[in-house]
Protein chains: 4
Amino acid sequence: MSTTILHGIIGYTITPFAADGSLDLPTLGRSIDRLIDGGVHAIAPLGSTGEGAYLDDAEWQAVVEYSLTRIAGRVPSIVSVSDLTTARTVRRARFAERLGASAVMVLPVSYWKLNEAEILAHYHAIGAAIGIPVMLYNNPGTSGTDLSVELILRIVREVDNVTMVKESTGDIQRMHRLRLLSDGQVAFYNGCNPLALEALVAGAKGWCTAAPNLIPQHNLALYQAVREGRLEEARELFYRQLALLDYITRRGLPTTIKAGLRLTGLDAGAPRLPLQALDAEGCRYLEELLAPLRR
Amino acid sequence: MSTTILHGIIGYTITPFAADGSLDLPTLGRSIDRLIDGGVHAIAPLGSTGEGAYLDDAEWQAVVEYSLTRIAGRVPSIVSVSDLTTARTVRRARFAERLGASAVMVLPVSYWKLNEAEILAHYHAIGAAIGIPVMLYNNPGTSGTDLSVELILRIVREVDNVTMVKESTGDIQRMHRLRLLSDGQVAFYNGCNPLALEALVAGAKGWCTAAPNLIPQHNLALYQAVREGRLEEARELFYRQLALLDYITRRGLPTTIKAGLRLTGLDAGAPRLPLQALDAEGCRYLEELLAPLRR
Amino acid sequence: MSTTILHGIIGYTITPFAADGSLDLPTLGRSIDRLIDGGVHAIAPLGSTGEGAYLDDAEWQAVVEYSLTRIAGRVPSIVSVSDLTTARTVRRARFAERLGASAVMVLPVSYWKLNEAEILAHYHAIGAAIGIPVMLYNNPGTSGTDLSVELILRIVREVDNVTMVKESTGDIQRMHRLRLLSDGQVAFYNGCNPLALEALVAGAKGWCTAAPNLIPQHNLALYQAVREGRLEEARELFYRQLALLDYITRRGLPTTIKAGLRLTGLDAGAPRLPLQALDAEGCRYLEELLAPLRR
Amino acid sequence: MSTTILHGIIGYTITPFAADGSLDLPTLGRSIDRLIDGGVHAIAPLGSTGEGAYLDDAEWQAVVEYSLTRIAGRVPSIVSVSDLTTARTVRRARFAERLGASAVMVLPVSYWKLNEAEILAHYHAIGAAIGIPVMLYNNPGTSGTDLSVELILRIVREVDNVTMVKESTGDIQRMHRLRLLSDGQVAFYNGCNPLALEALVAGAKGWCTAAPNLIPQHNLALYQAVREGRLEEARELFYRQLALLDYITRRGLPTTIKAGLRLTGLDAGAPRLPLQALDAEGCRYLEELLAPLRR
């Protein structure tokens with residue numbers, strides 16, 4: 001089993017669509033190059049930002065294949081393979097592994113609330129199906145299921161290749177408990193942009209974020225400042241980028257990142273309906289937020 | 001445009017799976033006959049109870065086709081066509097209309113939170129694509145999106161064939177507001193089993209429920225008692241079935257209805273993973289609840 | 001031990017203040033007469049509506065004494081004696097009993113959250129100190145403490161003179177559970193105005209409300225219609241008064257009832273600061289709501 | 001007007017009671033000396049921890065008088081003067097000022113929810129009545145009222161001597177917004193113990209806490225480490241004391257601090273009923289938490 005543990009700034013990709021709604025893979029390629037040129041430590045295709053939930057199977061596979069080919073091992077990759085059924089999640093995880101992903105990310109998406117036994121069995125099935133590490137992802141805001149710290153740690157103990165935990169509730173106490181209850185042994189990651197300073201201070205190994213599509217140097221500088229213990233500077237860096245982090249998170253990542261890419265020279269189209277492109281007022285506000293950060 | 005307005009007990013079907021996970025359509029047929037024999041006023045294939053979200057497209061179409069053929073116009077039918085993308089929802093709505101559904105039901109399922117403009121455009125697109133009525137379904141517990149009463153009424157006003165509203169928040173005040181703000185002109189339906197008595201008293205036109213798979217005569221008797229103003233009797237009938245209504249709702253409908261069908265002689269298999277079959281303790285409890293109601 | 005069980009419309013009194021902030025007892029007297037003339041089945045001095053929490057001890061005692069003297073046994077009385085400390089609550093309960101109250105009402109007000117043992121001991125102490133019945137009052141919105149149905153039923157079982165439960169969470173399922181878990185043996189009361197129809201339908205023995213200060217005939221008619229099983233009429237009566245019930249509850253009872261009393265000819269002054277008198281816009285809206293109900 | 005701005009570790013006092021329930025002022029004196037000897041930067045008598053809400057007026061005044069005399073200017077003092085009525089809050093604020101308090105703290109306690117105009121007028125009245133600074137305290141968990149960041153900043157702008165803001169929601173985003181929206185010009189303080197690391201990192205000027213009654217050196221060391229930018233050390237110090245901080249906050253401060261004082265040699269009696277002394281199991285757990293921190 002691989003023991004890859006990711007760290008640092010883990011950048012999400014968007015999924016560009018052409019005007020007719022079909023995939024625009026060349027633009028995806030350019031967005032991946034921008035992320036890598038920007039210095040991200042790893043790339044996460046097809047997460048929430050990548051509209052993975054809105055793609056059909058063929059599209060999903062095409063995006064994974066294209067992304068991994070384009071990344072070409074320049075940085076580690078972690079592919080989101082979450083699906084409503086265990087069978088499809090397993091199929092996607094195997095596909096990602098076969099194509100060379102460094103790791104997979106699994107959010108326990110649900111329609112009907114899952115109980116603990118069901119969640120546990122879901123992760124067992126995925127873990128048993130692949131040989132690469134799994135990042136467990138807790139985000140009740142999108143998945144509808146909130147995993148307790150105790151359940152998360154049970155899964156980490158029982159399923160060998162669940163070696164990373166991404167926490168997106170926005171509640172820093174969850175990270176405190178992950179650390180306290182595991183004696184600091186569990187690698188946890190921040191998935192809530194406006195919590196980046198505190199999560200890193202509290203010991204997060206990395207920050208999974210779509211922001212590097214727009215302001216990679218600010219995200220990296222914050223990470224480095226905390227890592228090197230330059231607290232005063234970290235605080236300044238954080239507050240400088242906070243309004244942007246807050247807006248893209250609150251207003252929706254596919255919507256705002258695609259708008260921001262266009263504002264910075266890369267047209268990745270609109271998100272897929274019912275999601276709409278950012279309206280004119282939103283674009284103006286986003287431009288105001290970006291201007292001082294892009295000089 | 002059809003002006004069908006449903007009323008009464010609207011029974012959800014389950015989707016039976018064989019041991020190998022494939023569709024078991026003959027059992028679906030038997031469960032439909034049981035519902036109709038039990039006296040339901042309408043049938044709703046492929047809603048939440050029907051695990052519609054867990055089926056792939058081919059399975060979904062097969063279930064719609066089989067269900068409508070089996071119902072054969074004996075009662076009106078309302079097919080749930082909700083999907084994450086507007087395009088697929090429209091495709092499903094057209095499919096259901098073409099095969100003869102009386103109406104379709106649309107829950108604004110989402111991964112990313114939708115804003116009001118996005119929700120409105122979603123319903124406009126669906127309404128424009130078909131000629132049969134649409135039941136708007138509000139259930140933040142499963143969809144992640146809570147539609148305000150004001151937004152619901154705006155959709156009803158703007159989209160001609162959205163003529164029915166199903167409310168499943170469990171908050172009776174929503175129904176009060178639907179009635180007050182529309183001067184009693186909007187047909188609303190109860191989607192929260194343990195609120196059945198109060199919803200009908202407050203003026204709901206019908207009750208969308210999976211319970212008639214197990215206790216149709218009790219559901220119908222409650223509906224009739226309220227409709228005919230026999231309040232004392234309605235209260236007794238409600239409290240008699242409440243523990244069951246509460247349990248199936250809280251523990252998950254596909255899980256408990258499939259367990260209950262087996263307990264009452266129809267083996268519809270297990271729900272699809274990660275959902276698991278009801279465990280032994282749950283089955284015992286369900287049997288206790290059913291026993292006094294099935295004599 | 002007295003076994004008085006209240007029923008019907010239980011009207012709250014306001015506490016009128018003169019322009020200098022002192023008690024205006026003659027106006028309190030007139031408001032009590034209006035309630036009794038309006039037909040209420042019982043009167044509850046010094047509850048939330050009566051600004052009991054904002055009075056000092058001497059004022060509190062003066063209001064109790066004046067109220068009970070004025071009521072003079074024409075209808076039963078239930079005095080709210082809740083206080084932050086057990087000692088003062090006991091002292092107030094004894095005072096109310098000595099002056100002839102039919103019963104007392106106790107909300108477990110708290111600053112620090114109370115655990116179950118603390119709440120239970122609080123009710124034990126009060127129950128042991130007096131010989132008249134206690135109405136346990138659950139209203140987390142004002143008390144900060146939410147009593148589970150299980151804890152409420154334990155208190156009812158253990159403390160002999162806790163014989164009535166007033167539920168103000170607004171969640172009808174609490175009443176369902178009170179009834180189911182006690183086999184219909186616990187007398188429960190509605191404390192949430194916009195839930196009046198459903199609470200009475202679900203079996204509430206009475207409705208504790210400030211509304212009879214303004215529209216007693218509508219409150220009584222609703223109660224009677226449900227009691228006599230005239231469901232259609234009850235629904236009509238409820239929806240007619242709902243907008244008013246909703247507004248006074250949402251905007252604050254002392255504020256709106258005092259404004260409404262002035263609009264209907266009785267000047268009871270303003271609530272005590274920091275609470276302010278209803279502003280001009282609010283008064284206009286309240287007048288619009290009252291007009292069709294006062295003809 | 002005084003321009004005192006507090007900083008650092010601001011320690012809450014408890015209010016000791018004798019076995020008969022009366023004030024035990026000599027023990028209060030010893031607890032104050034312990035805090036000052038422990039190195040706190042300021043002392044806050046009669047806050048939530050001091051059971052101020054459970055005292056009658058005479059007791060409250062006695063505690064203020066005794067505390068300020070005992071502190072004797074060795075460190076600044078900030079007295080909590082919150083009360084349900086504006087008139088009593090003003091009276092208490094004047095009393096504290098007259099007796100030499102450096103500042104007062106005001107939580108907008110409420111029974112009925114206050115609207116923005118009412119909260120604003122409350123702070124205006126208090127500000128106008130005294131010449132010492134006011135710390136506005138937001139803690140919906142105990143006060144029932146949640147002040148938005150916008151309202152807080154409006155009060156700070158409009159009322160000259162409201163110069164400090166204590167935030168106890170536990171949501172670090174509130175502090176972010178206080179800082180962003182005021183361009184870093186508002187002095188904010190942490191009132192949520194398990195958020196101490198992050199609040200200080202985010203720029204809090206101080207930490208209002210009852211913990212220095214038990215582990216002052218750990219609280220001070222954490223504050224100094226953050227202040228001096230020793231991030232790694234701050235993180236270690238925080239995690240070392242976190243389980244204790246978490247427990248005393250969750251289980252209730254008067255209850256646990258009094259138990260902890262007894263465990264560390266100072267018998268301050270039990271909290272006032274309905275609050276009960278910490279039970280045996282709780283005491284054992286608290287002792288376990290304290291042991292490694294008191295060596």
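Residue numbers begin at 1 in each chain, while the letters A, B, ... track the order of the sequences.
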Could you tell me which portion of B/Leu273 (side chain, backbone, both or neither) has an atom closer than 4.5 angstrom to a non-hydrogen atom of chain A? both
Counting heavy-atom pairs under 4.5 Å with chain B, the top scorer among A/Ala53, A/Ser143, A/Ala121, A/Ala125 is A/Ala53
Would you mind checking which part of A/Leu253 comes under 4.5 Å of any heavy atom in chain B, side chain (CB onward), backbone (N, CA, C, O), both or neither? both
For chain A, find which of B/Pro108, B/Pro254, B/Gly21, B/Gly141 contributes the most heavy-atom pairs closer than 4.5 angstrom. B/Pro254
With only heavy atoms counted, which part of B/Ile126 is less than 4.5 Å from chain A, the side chain, the backbone, both or neither? neither
Contacting moiety of A/Asp57, where chain B heavy atoms sit under 4.5 Å: neither
Of the listed B/Leu114, B/Asp279, B/Thr142, the one with the largest count of heavy-atom pairs under 4.5 Å with chain A is B/Thr142
So which of A/Trp112, A/Tyr111, A/Tyr54 has the largest heavy-atom pair count under 4.5 angstrom toward chain B? A/Trp112
If you count the non-hydrogen atoms of other residues, nucleotides and ligands that lie under 6.0 Å from CZ in A/Arg154, is the total more than 12? no
Between B/Thr85 and A/Pro274, the two heavy atoms sitting closest are CA-CD, 3.8 Å
Interatomic distance, OG1@A/Thr255 vs NZ@B/Lys113, rounded to 0.5 Å, equals 13.0 Å
To the nearest 0.5 Å, tell me how far A/Leu275 CG sits from B/Asn115 CG. 9.0 Å
Looking only at heavy atoms, what is the nearest atom pair of A/Glu118 and B/Gln276, with distance? OE2-N, 2.8 Å
